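For reference, the structure is listed below as structure tokens.
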Amino acid sequence: MSELPAFPPGFVFGAATAAYQIEGAAREDGRGPSIWDTYSHEPGRVTGGDTGDVACDHYHRYPEDVALLRGLGVDSYRFSLAWPRIVPDGSGPVNPKGLDFYSRLVDELLAAGIEPAATLYHWDLPQALEDRGGWRVRETAERFAEYAAVVAGHLGDRVPRWITLNEPWCSAFLGYSVGRHAPGAREGRGALAAAHHLLLGHGHAVGALRAAGVREVGITLNLDRNLPATGSPADLAAVTRADTQHNLVWTEPILAGRYPLTEAETWGESLTGADFRREGDLELISRPLDFLGVNYYRPIVVADAPHREADPARRVATDNRYQEVRLSGVRHTAMDWPVVPRGLTDLLVGLKERYGDALPPVHVTENGSAEDDVPAADGTVHDADRVSYLRDHLTALRAAMDAGVDVRGYYVWSLLDNFEWAHGYSKRFGIVRVDYDTLERTPKDSYHWYRALIAAHRA
Ligand code: IFM
């Protein structure tokens, strides 16, 4: 461990997962269908036709997974609650069995000395709400507020750290513009309405969690470190558009109480009078937070590009005239993502420079790498590339702290190999291997490395 810089006392080391990616039990104990059940069952959507029907079967095996967390020695475990387990139709009756599952999980974590950190929404919208318009419509934000209040009332006294939304960029833009995530829509403008209603849902949920008196409330954003492919004015302008869509759409309303100043040049139209925006929305969205969750995996190199979409009605969102360029000279993970730990330092320092004291303390709520793990004959997994990835990113995180960013915690993604959305089970992010035939769990070298790091930190 000597090569790693020390972290301050009280720094939180954790591991993260999400409901649809690990739970399985998709039709059990009253759980309703989510947009990911629908999407993953549509032919051609997910690699290999994989679905989350069984996933890691965490729903039944959670005691074993909590034991793995205890063995790891983490301070905190970040998981998400499946909205359709708790409110199967998205509104109306609450399913006591759904609440009971999370109650048992939380009690098991507390008994193991692990602080639960719960995410309210990690992409599994109840299908019934999608059928009524999904995140395109304001009503969904209101239903989210009701769900948040139910959960906060039930678990708020035992769960100290709450995250309203995970990576709303993916929900809005991958879900309603690119169509690579559920519900698989390709609508351009619908994604902008979705982004706004996600922000609104976040604001409502902050209110519900505060009313329940929980200790800490935040949101998790996958902010991008966008780098220009060249210094040309066209590429620099493309970076501004990418920054607006990936980062400022979220950070400006949440942290500065305003919409991005660069939105007109990004979307090709001003959204000032957009029908989905109402007076008072920004006040809700910018309610103070106790922390900002940041997920970081890789930087993105951006170049100018013509519109791909001929139809102006669809020509918006991720089609806003930029393209990603493959970064050469660095290792790429199994996701073909470039490994650039320094990007994490720069991202966090850039946030601090932009928002100053308006930036709350940060938790890195996800960081990790998918690798083509090959188990040895005895079943062990020697994932040296993942160990290097984690070590180098923790070092980069420490550099951001040295540069003045108040970072309070780090959660490795992920505790388990799991359902990697449109990639199905073909990509493995876990520090614990899951054999999808037997559901057997095997800690990889990265698990043992992380355990030793945490133990050294404590010592
Ligand atoms: O698996 C996902 C997770 O659900 C959200 N953040 C990124 C991870 C890796 O792609």
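Because the structure is predicted, anything quoted here is derived from the model rather than measured. Just follow the structure's listing: the first ligand is 1, and inside any ligand the first atom is 1.
Ring-centre distance between F144 and W83: below the 6.0 Å cut-off. The ring of W337 has its center no closer than 6.0 angstrom to the ring center of H332.
Ionic pairing of D100 and R85 is not present here: no N-O contact between side-chain nitrogen and carboxylate oxygen is shorter than 4.0 angstrom.
Considering only residues two or more places apart in sequence or on other chains, E146 meets the side chain to side chain donor-acceptor pair (under 3.5 Å) condition with R143. Looking at residues two or more places apart in sequence or on another chain, you find a side chain to side chain donor-acceptor pair (under 3.5 Å) between E252 and R258, R354, Y355. In this view, F79 and Y77 satisfy the ring pair (Phe, Tyr, Trp, His ring centres under 6.0 Å) rule, not counting sequence neighbours.
Residue-level contacts of ligand 1 at the 4.0 Å heavy-atom threshold are Q21, H122, W123, N166, E167, Y297, W337, E366, W413, E420, W421, F429.
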